[in-house]
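Contents: one structure, followed by commentary.
Just so we're clear, the structure is a prediction, and the values are computed from it rather than from any experiment.
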Amino acid sequence: MQNVNIWSEEFGAETDAPILLIMGSMSQGILWPDELVGRLTAGGRRVIRYDHRDTGQSGTVDFAAEPYTWDDIKNDIYRVMDTHGLESAHLVGHSAGGLLGQFVAVERPQRVRSLTVIASSPLGGGESQVLVRALTGQPQSEGSLPEPTPEFVDFYRALMAAPPPQDRRALIDGMIAEQRVLHGTGLPFDEDAARRLQERIYDRARDLSSVANHRLAAMAKPDFEPVGVLHHVKAPTLVIEGSHEPAKPGHGAVIAEQVPGARLMIVAGMGHTLPSEVHEELAAAILAHTAE
């Protein structure tokens, strides 16, 4: 495994219970909103967020020369914990970050005090195959996870066929359009806030194009996810899904069914993003779940 530098930052007192925030694929740690982080810190938690390799301020990799897999992205979680002196932590993961959190809870249960999974799919559930079939128009296999919404599928089909953006403005406009689709239809979309966020993401990235390495990492080891292991999760688990989830609708219920004692929480209006309207509700739920 390459010795890739991982950017991280922490908030709150070192004596407070630690929460490690794990963002999704190709996503910077600042997608955990400052307001949500602040609410968790004010609630007496030591909060850590970080940029995955090949995103944001973390190190970038020449994938052709130094390929890696999602095992390495998962193992970066342990590196971040070790760097911050954490033998264990409350893991809170969003999207693919929630899948990584599930994997860690199975692989090293002693390092997971509790698990919160937001807008995610079940480990080993074949979410990537469902997405590929949906985007290519292939029939879904029997027993597969629910498909993304038609709006989600139509957007990404058009995106795959479109020429790449040629300048900063066009790229940020495209990022905002993607955020709008992921936001879903349950709450008003704040385009000004979305532009501020995407400009921040663009400007702090060492190399914005390097996020594509996460896709290459998935192709390098397509059987990364173990199958049929979620019953081994021992950590108290909270599964959160938005009522207007466009990417993984209904996947949260599948996780909650497979993890012993897991609790499913549906957030009204929320899609696949973390808008300001849901921060208070999310923070209250996470603080309650991580109370020690």
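Under the 4.0 Å criterion applied to side-chain N and carboxylate O atoms, Arg196 and Asp192 are not assigned as salt-bridge partners. One finds no salt bridge joining Glu147 and Arg133 here, because no Lys/Arg side-chain nitrogen approaches an Asp/Glu carboxylate oxygen to under 4.0 Å. Taking the charged nitrogens against the carboxylate oxygens, Lys248 and Glu241 have no contact shorter than 4.0 Å, which rules out a salt bridge. Between Asp34 and Arg49 there is a salt bridge, since at least one side-chain N of the basic residue sits less than 4.0 Å from a carboxylate O of the acidic one.
The main-chain N or O of Trp32 is never found under 3.5 Å from a side-chain atom of His94 such that the two would form a donor-acceptor pair. At distances below 3.5 Å, not a single donor-acceptor pair connects side-chain atoms of Ser144 with backbone N or O atoms of Gln140. A donor-acceptor pair under 3.5 Å links the side-chain atoms of Gln166 to the main chain of Pro164, judged by distance alone. Checked by atom type and distance alone, the side chain of Ser128 never pairs as donor or acceptor with a backbone atom of Gly126 at under 3.5 Å. Not one N or O on the side chain of Asn213 forms a donor-acceptor pair closer than 3.5 Å with the backbone of Leu216. The backbone N or O of Pro188 lies less than 3.5 Å from a partner atom in the side chain of His183, making a donor-acceptor pair. Proximity of a side-chain donor or acceptor of Ser58 to a complementary backbone N or O of Asp51 within less than 3.5 Å is detected.
Closest approach of Ala235 to Leu115, counting heavy atoms only: CB-N, 4.2 Å. Shown here for Ile30 and Leu197, the closest heavy-atom pair between the two residues is O-CD1, 4.4 Å. Closest approach of Leu287 to Leu40, counting heavy atoms only: CD2-O, 3.7 Å.
Interatomic distance, Leu91 CG to Phe103 CZ, rounded to the nearest 0.5 Å: 13.5 Å. For the atom pair OG (Ser276) and CG (Asp190), the distance works out to 7.0 Å, reported to the nearest 0.5 Å. To the nearest 0.5 Å, the span separating CZ on Arg79 from OG on Ser8 amounts to 10.5 Å. Here Glu35 contributes atom CD and Glu280 contributes atom CD; the two are 9.0 Å apart, rounded to the nearest 0.5 Å. Atom CG in Leu187 sits 5.0 Å away from atom CD in Glu277 (nearest 0.5 Å).
Of the candidates Gln110, Arg113, Arg111, Ser88 forms a side chain to side chain donor-acceptor pair (under 3.5 Å) with just one, namely Arg113. If you run side-chain contact (heavy atoms from CB on, under 4.5 Å) between Arg206 and each of Thr55, Thr60, Asp54, Asn5, only Thr60 comes through.
Side-chain atoms of Ser95 and His272 form a donor-acceptor pair, as typed in the model, at a separation below 3.5 Å. Side-chain polar atoms of Arg204 and Gln28 form a donor-acceptor pair below 3.5 angstrom. For the residue pair Arg45 / Thr290, a side-chain donor-acceptor distance below 3.5 Å is found, with atom types taken as modelled. Remark: the Tyr78 side chain and the Glu107 side chain contain an N/O donor-acceptor pair separated by less than 3.5 Å. For the residue pair Glu127 / His251, no side-chain donor-acceptor distance below 3.5 Å is found, with atom types taken as modelled.
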Take Leu135 and Val153 through the test side chain to side chain contact (heavy atoms under 4.5 Å, CB included) and record every step on the way to the result.
CA-CA 6 Å; Leu135 293 176; Val153 172; 4.2 Å; yes

Quick one, Ile19 with Arg46, criterion side chain to side chain contact (heavy atoms under 4.5 Å, CB included). Give me CA distance, side-chain angles, the key distance, then yes/no.
CA-CA 6 Å; Ile19 290 177; Arg46 176 188 178 190; over 6 Å; no

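By the criterion of side-chain heavy atoms lying less than 4.5 angstrom apart, applied directly or through intervening Ile, Leu, Val, Met, Phe, Trp or Tyr residues, Val254 is grouped together with Val130 in one hydrophobic cluster.
Taking the six-membered ring where tryptophan is involved, the planes of Tyr156 and Phe152 are tilted, since the angle between them lies from 30° to 60°. In this pair, Phe224 and Trp70 present their aromatic rings tilted. The plane angle is within the 30 to 60° band.
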